[in-house]
Amino acid sequence: MMSNEAIAKKKQKYMKEEIIIAGFGGQGVLSMGKIMAYSAIMQDLEVTWMPSYGPEMRGGTANVCVIISDKKISSPIITKYDTAIILNQQSLDKFEERVKPGGLLIYDPSGITREPVRKDIKVCSIDAIEVAAEVGNAKVYNMAVLGAYLKMKESLKMENVVKGLEKSIPARYSDLIQKNREAIEKGMERVKILSESK
Amino acid sequence: MAEKILMKGNEAIAFSAIRNGVDGYFGYPITPQSEVMETLMKEKPWETTGMVVLQAESELSSINMVYGGASCGKKVMTSSSSPGISLMCEGISYIAGAELPCVIVDVMRGGPGLGTIQPSQSDYFQTVKGGGHGDYHSIVIAPASAQDMYDFVDWGFELAFKYRTPVIVLADGIIGQLMEKVELHPMKPRRTAEEILRDAPWATTGKTPGRDRNVITSLSLDANTQEEFNRKLLAKYKAIEANEVKYAEYLTDDAEYVFVAFGCSSRICEAAVDILREEGIKAGLIRPITLYPFPEKEISRLAGQAKSMMSIELSLGQMVEDVRLAANGQCPVGFYGRQGGNIYTPEEIVEEFKKFNKLS
């Protein structure tokens with residue numbers, strides 16, 4: 001059993017990143033989360049991936065909560081996030097207020113009709129549709145968004161993301177790994193910081 | 001080092017069945033556990049280990065296929081979610097009455113009736129207190145992670161064969177859908193015919209030299225014979241209660257307030273304990289891993305040291321009755337629950353804890 005000092009020690013240098021990814025079903029929200037989760041495992045981190053499941057997934061919004069940590073993860077259910085990755089208006093309405101102060105919000109402007117209003121968080125945008133069009137494959141849309149995240153946060157390393165991709169994409173689609181990688185790299189270049197947290 | 005793979009709790013059940021020498025899986029799809037059979041169908045274990053995977057026409061059929069397979073001494077299992085388990089209860093009672101081993105996975109969703117497909121823990125009464133008719137218990141084990149889902153299949157069969165009794169793995173929609181790292185242990189082969197004769201001498205294995213005819217039945221019309229059988233079951237349940245209780249404690253050593261929670265709720269409570277400890281409140285958690293047999297002695301001991309206890313469940317309050325029995329008036333026992341597929345957060349539990357203990 002741990003004493004209070006042991007708990008305090010446990011909290012030191014304790015990395016935990018709580019991420020919500022939300023958008024329409026079909027935008028690759030769940031698979032983006034899965035690739036992040038795989039990458040975290042490659043980095044020898046603990047991870048939980050908890051999808052919303054239920055009637056709302058048919059044509060409606062889909063979201064997944066990914067927690068990455070260097071310690072065992074207790075609750076996979078959380079209401080405040082370090083990072084929110086937002087791909088449609090409904091998700092912005094629902095999750096903007098749930099970003100922790102000082103946290104990060106990344107969104108795709110083509111999916112929303114109003115700008116984020118929070119001033120106490122960092123806000124970035126990524127035109128992922130443009131990136132996907134340039135790469136020439138609509139399926140890599142979510143990887144452009146992932147690129148934006150990787151540029152903004154250092155919790156996951158690119159080499160491990162590539163390993164994560166290799167794990168989750170069958171070898172016969174190896175050309176797709178290259179395209180995904182290209183989209184990630186372009187996403188990293190194109191992400192725009194709109195405002196720093198105040 | 002053993003391989004670590006990212007998978008859902010439901011997928012872990014399927015992989016564990018294949019890798020732990022299960023002979024047969026019989027099921028019928030239902031959310032939130034459909035990935036169990038989906039994964040088995042995708043992996044096609046009949047081509048590798050020879051394991052049978054069959055989609056029955058209903059849960060009534062699948063549990064009776066389990067009854068049949070278990071009669072032959074095979075390692076057989078099924079999985080379903082709450083309404084499906086209700087349909088299986090007659091079969092489970094017969095399996096308990098015929099003293100057969102099997103594993104049944106219940107990935108709970110909200111009820112009663114068809115209810116919701118979202119997570120719930122409201123089948124505690126159904127699985128722990130019976131479900132089917134008659135004086136019987138199923139051993140009930142409650143996983144709290146994808147790794148537990150993987151490990152509990154094998155542990156479940158170990159218990160099932162040791163006591164010749166059905167074992168229920170009581171999971172919930174969260175644990176079924178949650179993806180986590182799972183460590184795969186080395187493969188265990190399926191048992192050979194000789195090994196079945198050795199390990200399950202009671203099984204119906206056809207005309208077998210050197211032994212009398214084995215009869216598998218739950219029917220016994222003579223009152224004295226039936227009573228004798230009931231007492232035999234009682235002795236078995238006493239042995240299970242004496243030997244198989246399993247639980248986990250978190251920061252209970254000096255705890256003045258103790259949460260009791262199983263499955264996904266135990267993980268959410270662990271985070272609530274961390275929040276309270278940071279505020280200087282000495283909170284702790286006991287997680288019953290076996291729900292039957294229930295960690296009665298341990299909860300009684302903690303009730304003796306605590307100012308209060310609180311049972312946290314995704315139901316209207318079911319396990320709390322057993323917590324109160326175990327605490328036996330030594331301290332007040334509170335309850336907080338959510339229903340309908342809604343899930344509490346650690347912060348919400350902290351708030352309810354403070355309300356109950358008048359601490360805010």
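As a basis for the values below, the full set of heavy atoms in this structure was taken, side chains included, without hydrogen atoms, waters or symmetry mates. Computed from a predicted structure; not experimentally measured.
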Per-residue tally against chain A (heavy atom, under 4.5 Å) across B:Cys269, B:Ser145, B:Pro119 peaks at B:Pro119
At a heavy-atom separation under 4.5 Å, does A:Lys167 approach chain B through its side chain, its backbone, both, or neither? side chain
Quick test of your reading of the model: are B:Glu35 and B:Lys42 salt-bridged, counting only N-O distances below 4.0 Å? no
Checking salt bridge (Lys or Arg N to Asp or Glu O under 4.0 Å) against A:Glu96, which of A:Arg114, A:Lys119, A:Arg118 comes through? A:Arg114
Under 4.5 Å from a heavy atom of chain B, the part of A:Ile67 involved: neither
Polar contact flag, side-chain donor to acceptor under 3.5 angstrom, A:Tyr141-A:Asp108: yes
Any carboxylate oxygen within less than 4.0 angstrom of a Lys/Arg side-chain nitrogen, looking at B:Glu180 and B:Arg267? yes
With a 4.5 angstrom heavy-atom cut-off, could you sort out which part of B:Glu347 is near chain A: side chain, backbone, both or neither? side chain
